[in-house]
Asks: 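Structure provided below as structure tokens; questions to follow.
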Amino acid sequence: MKTLRYILLITFFTTSVFAEEGKGELDGKVLECLHGKYGVTITHWIFDGMHVSTPLVTRELPLRIQQGNRVEYSTTANSILWKTSDVRSVRYTLDRKTLRLKKHYRSKELSVSECQVIALRELEARYQILMQHWNKK
């Protein structure tokens, strides 16, 4: 019986350490996800200091990315999880290996997105290029 307790205790602490170890792996980065029927809708999520948010673009030039509504995320060995704090709270589950993001409302799966990790500066540069293009028109 003592051996079983010891094994369970070691398993618990090992799992907790590995889950915490990768907890900040996306901090300072952007998750870019393609979703929708034809994969043409793009959403971005900014990870920073154990929080995730959607980006907001400043109005002044040069454009900068600011964080929108921030919510805390948690991790498991296989997933990164967060939920919005709106009236109709939506839950998100990111598979750490495949980078597939599942969106849930209550018990219903709303969508699955294919994602990639990019640098925040890359996202800002894309907005700069778009603004330069729009200003020439």
Asks: Atom CD in E72, atom CE in M50: separation rounded to 0.5 Å?
Replies: 6.5 Å
Asks: Testing L101, I42, V112, L94 one by one against C33 for a side-chain contact (heavy atoms from CB on, under 4.5 Å), which residue passes?
Replies: L101
Asks: Please find the pair of heavy atoms, one from R106 and one from R91, that lie closest to each other, and give the distance.
Replies: O-NH2, 2.6 Å
Asks: Check I118 against L123 and note the closest heavy-atom contact, atom names and distance.
Replies: CD1-CB, 4.2 Å
Asks: Return yes if some donor-acceptor pair links the side-chain N/O of T54 with the main-chain N/O of W45 below 3.5 Å, else return no.
Replies: no
Asks: To the nearest 0.5 Å, what is the distance between NZ on K102 and OG on S113?
Replies: 11.5 Å
Asks: Testing L31, V30, L120 one by one against H44 for a side-chain contact (heavy atoms from CB on, under 4.5 Å), which residue passes?
Replies: V30
Asks: Given side chain to side chain donor-acceptor pair (under 3.5 Å), test D48 with S53 step by step and report yes or no.
Replies: CA-CA 8 Å; D48 183 39; S53 64; over 6 Å; no
Asks: Is there a chain of hydrophobic side chains (I, L, V, M, F, W, Y, each step under 4.5 Å between heavy atoms) that links V71 to Y73?
Replies: yes
Asks: Taking side chain as C-beta onward, heavy atoms only, is E114 less than 4.5 Å from L99?
Replies: no
Asks: So which heavy atom on N69 is nearest to which on S85, and how close?
Replies: ND2-OG, 3.2 Å
Asks: Show the nearest heavy-atom pair for residues G49 and R70, with the distance to one decimal.
Replies: O-NH2, 4.3 Å
Asks: So, does T84 use its side chain to make a donor-acceptor pair with the main chain of V90 at under 3.5 Å?
Replies: yes
Asks: I need the L110 CG to Y92 OH distance, nearest 0.5 Å.
Replies: 8.0 Å
Asks: Just by distance, do the side chain of R96 and the backbone of T76 share a donor-acceptor pair under 3.5 Å?
Replies: yes
Asks: If you take all heavy atoms of P55 and I46, which pair is closest and at what distance?
Replies: CB-CD1, 3.6 Å
